[in-house]
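Here is the structure we will look at.
Naming: A, B, ... by sequence-line order, numbering from 1 per chain. These numbers were taken from a predicted model, which means no experiment stands behind them.
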Number of protein chains: 2
Amino acid sequence: MRAARWHGREDIRVEDVPEPELRPGHVAIDIAWCGICGSDLHEYLEGPIFIPPAGHPHPVSGECAPLTMGHEFSGTVAALGDGVTDLTVGESVVVEPYVIADDVDTGPGQSYQLSKDMNFIGLGGHGGGLSEKVVVARRWVHPVGDIPLDQAALIEPLAVGYHAYVRSGAGAGDVALIGGAGPIGLLLAAVLTAEGLTVVVTEVSAARKAKALETGVAAHVLDPTEGSVGDRVRELTGGRGADVAFECSSVDAVLDTLLDGVRPTGVVVNVSIWGHKPAVDLQKLVLKEIDLRGTIAYAGDHPATIELVRSGKVDLAPFITARIDLGDLVEQGFETLVHRNDTQVKILVHP
Amino acid sequence: MRAARWHGREDIRVEDVPEPELRPGHVAIDIAWCGICGSDLHEYLEGPIFIPPAGHPHPVSGECAPLTMGHEFSGTVAALGDGVTDLTVGESVVVEPYVIADDVDTGPGQSYQLSKDMNFIGLGGHGGGLSEKVVVARRWVHPVGDIPLDQAALIEPLAVGYHAYVRSGAGAGDVALIGGAGPIGLLLAAVLTAEGLTVVVTEVSAARKAKALETGVAAHVLDPTEGSVGDRVRELTGGRGADVAFECSSVDAVLDTLLDGVRPTGVVVNVSIWGHKPAVDLQKLVLKEIDLRGTIAYAGDHPATIELVRSGKVDLAPFITARIDLGDLVEQGFETLVHRNDTQVKILVHP
């Protein structure tokens, strides 16, 4: 079958690999669509980051580069391994793409996303969504009912947003400030608006500002080049400030804006991944007794995330901005994101 | 009466000022002892920070430099203003040294330490403990029973530690890592040990390491120059890491050590005041889903703090390392802290 494999920086090759074999307790899935994630782009430009380099096999998967990529994917059940009785062949599913040791408890309330040697399907081994087929353990498979399979490929990044929302402790009626309207910022905004929060986005890109307003996921979009975001958030909130803020940009100045924009005892959730150590104005954290919280991926968040989409509270269709064939992955996928990133939200790849 | 007043950087003068007048709802207090705080030292070397400069009166107190200093003080009630009926002349008291607008609610559960224009007695006006007498509003006066007045002067910094402990959400049985064994680090350690936590301190100064062990407030003292603090904390905790950590040093590398030393989903409380924006390794915050929490001063913490001392759970006597006369404040007080800071925990001044 065809699979896109990471061989090195700026060296992703679509090549022929053997089909994965079905095993007991596992599910074979025919891939429908797979999104390209910001972390895939980081691996392309600056990797290996999550990918175990050649000669250094991952302790759980036992695999190393070259490895199949893609962790934001949907598909249909092709076959069920022995012991799997609660899914049906042909059913639409998404995968919670973890590579985690078998003995880690993934039950309710467990922080298995923080377990030792955690990695992702499509980065750390166990195949990936940028191929024709995967075989994954039953526990990572989530049925999506009648959600269209193209939209279902966005469940994974939406679950990242949902987990960040849960981490924030915020709820209906709160005002949320989001720093950065890239794919994660926009999908997080969709979750927050669906959950009854008022969303204010700060963003400089004209295309992203327009997308945040067009899709209805932001009530207000502020441009930090046009004046103090903190002052304008306070104007919007009767002098108080945002209840919660989410850093989705990996830019020092944006984080600073969020520390400025939240109210005393407010919460700032850091959703972004940092390639450098930002300078953080901790005096703002101190003098307002802010909580700055880290969040990574998801744990137990897929069912609620899927329900947001299935119920129609979140419409993922407007965030799909391109559809390409696996054979065009590098030229029309990665190179587009490298050179014209802000024109796209989510590029979907069909194998 | 004699009072130490801040006129400018490295210009604190002990001079004669009029006695403050008693007013309705207020209490006149004869000062017994006043400690020199790290923030007093910052005002001496780098001020004005909290002090309103000459020509810029504070919006609540209406006062500006030159101003009387000292906010860590104890004394005895000298006289009661009209309407104050629940204190007795001669009673031992401490002061929660706030300059906060009259209409701010300071009742239970209120975060009045974060109110607009908050400042401190001894920095922002309303007199100070580095003088013979103060007159303060009844709501800031806390009786201390039979606690010796020299020890009572340390209630204020102990309340800073108590508030940081409350902010952490930690409790008995937890393992706490404290970065820095200066006065606040040591007093915080005393609170945590009294509350049933196991305290691990990281510190480089030999004098401070010795003090942390001699006083019994730390179970373990680690020197970061002798190997990875994170690894050693994990050894001490069965591979897990500290449940909570407290930054008390204002040093970037120490904060980094704490992010390394806490367990996944652990809490790091920033107790220190920062004169610069530290470089923070937010990837550690992300990948362990750490909560980094700011804390400032205290709010509603004095009764519980006083009870810790009154009940004997915290012994403040070992933290008093010098007693000087107000006339020797600069030479024997500030200049000692400037040049031989780590030989001292708390210098008490008698007016």
Side-chain angles (χ1 to χ4, degrees), chain A residues 49-50 109-119 160 163-164 166-169 234 239-241 247 250-253 255-256 259 262-299, chain B residues 49-50 109-119 160 163-164 166-169 234 239-241 247 250-253 255-256 259 262-299:
Chain A
I49 301 163
F50 279 98
Q110 296 297 317
S111 294
Y112 53 87
Q113 81 281 27
L114 309 178
S115 61
K116 189 166 175 293
D117 299 320
M118 180 276 281
N119 208 314
V160 171
H163 185 67
V166 172
R167 275 288 285 155
S168 77
R234 278 182 287 278
R240 177 180 169 85
E247 209 307 291
S250 316
V251 173
D252 300 28
L255 175 56
D256 199 57
L259 293 171
V262 292
R263 62 170 168 79
T265 74
V267 171
V268 178
V269 179
N270 183 95
V271 193
S272 52
I273 297 292
W274 294 82
H276 69 285
K277 295 182 184 182
V280 183
D281 191 348
L282 287 184
Q283 269 308 85
K284 288 179 181 156
L285 188 96
V286 166
L287 294 175
K288 294 205 286 191
E289 293 201 345
I290 292 168
D291 275 23
L292 176 59
R293 299 182 183 168
T295 178
I296 180 78
Y298 26 71
Chain B
I49 301 163
F50 279 97
Q110 297 298 317
S111 294
Y112 53 87
Q113 82 280 25
L114 310 177
S115 61
K116 190 166 175 293
D117 299 320
M118 181 276 282
N119 209 314
V160 171
H163 185 66
V166 172
R167 275 288 285 153
S168 77
R234 277 182 286 278
R240 178 180 168 86
E247 210 306 292
S250 315
V251 174
D252 299 26
L255 175 56
D256 199 57
L259 293 172
V262 292
R263 62 169 168 79
T265 73
V267 171
V268 177
V269 180
N270 184 93
V271 192
S272 52
I273 297 292
W274 294 83
H276 69 285
K277 295 184 185 181
V280 183
D281 190 348
L282 286 184
Q283 269 308 83
K284 288 178 179 155
L285 188 97
V286 167
L287 294 176
K288 294 204 285 191
E289 292 200 347
I290 292 168
D291 274 25
L292 177 60
R293 299 182 183 168
T295 178
I296 180 79
Y298 25 71

query: Val271(B), Leu285(B), Asp252(B): which one forms the most heavy-atom pairs within less than 4.5 Å of chain A?
result: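 Among the listed options, the one with the most contacts to chain A is Leu285(B).
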task: Sort out for me which of Ser272(B), Gly294(B), Pro264(B) touches chain A most, counting heavy-atom pairs under 4.5 Å.
output: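 Highest number of heavy-atom pairs under 4.5 Å: Gly294(B).
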Name the region of [X], side chain, backbone, both or neither, that has any atom closer than 4.5 Å to a heavy atom of chain B.
{"X": "Asp256(A)", "result": "side chain"}
{"X": "Ser115(A)", "result": "neither"}
{"X": "Thr265(A)", "result": "both"}

Can you find a heavy atom in the side chain of [X] that is under 4.5 Å from one in the side chain of [Y]?
{"X": "Leu255(B)", "Y": "Val268(B)", "result": "yes"}
{"X": "Val267(A)", "Y": "Val262(A)", "result": "no"}
{"X": "Leu282(B)", "Y": "Leu292(B)", "result": "no"}

- request: Could you tell me which of Gln283(A), Gln113(A), Glu247(A), Lys288(A) has the largest number of non-hydrogen atom pairs under 4.5 Å with chain B?
  value: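 Option with the top pair count is Gln283(A).
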field: Pairs of heavy atoms under 4.5 Å with chain B: top-ranked of His163(A), Met118(A), His276(A)
entry: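 Counting heavy-atom pairs under 4.5 Å, the top option is His163(A).
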- prompt: What pair of heavy atoms forms the shortest contact from Tyr112(A) to Tyr298(A), and how long is it?
  reply: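 Scanning both residues completely, I find the closest heavy atoms to be CE1-O, 4.3 Å.
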Heavy-atom proximity to chain A below 4.5 Å, by part of Ile290(B):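 When you check distances to chain A, only backbone atoms of Ile290(B) fall under 4.5 Å.
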query: Please, which pairs that meet salt bridge (charged side-chain N to carboxylate O under 4.0 Å, His left out) have at least one residue in residues 264-283 of chain A, sequence neighbours excluded?
result: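 Checked against salt bridge (charged side-chain N to carboxylate O under 4.0 Å, His left out) - neighbours excluded - the pairs reaching residues 264-283 of chain A are Asp281(A)-Lys284(A).
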query: For the side chain to side chain contact (heavy atoms under 4.5 Å, CB included) test, which of Asn270(B), Val269(B), Thr295(B) pairs with Glu289(A)?
result: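 Answer after filtering Asn270(B), Val269(B), Thr295(B): Thr295(B).
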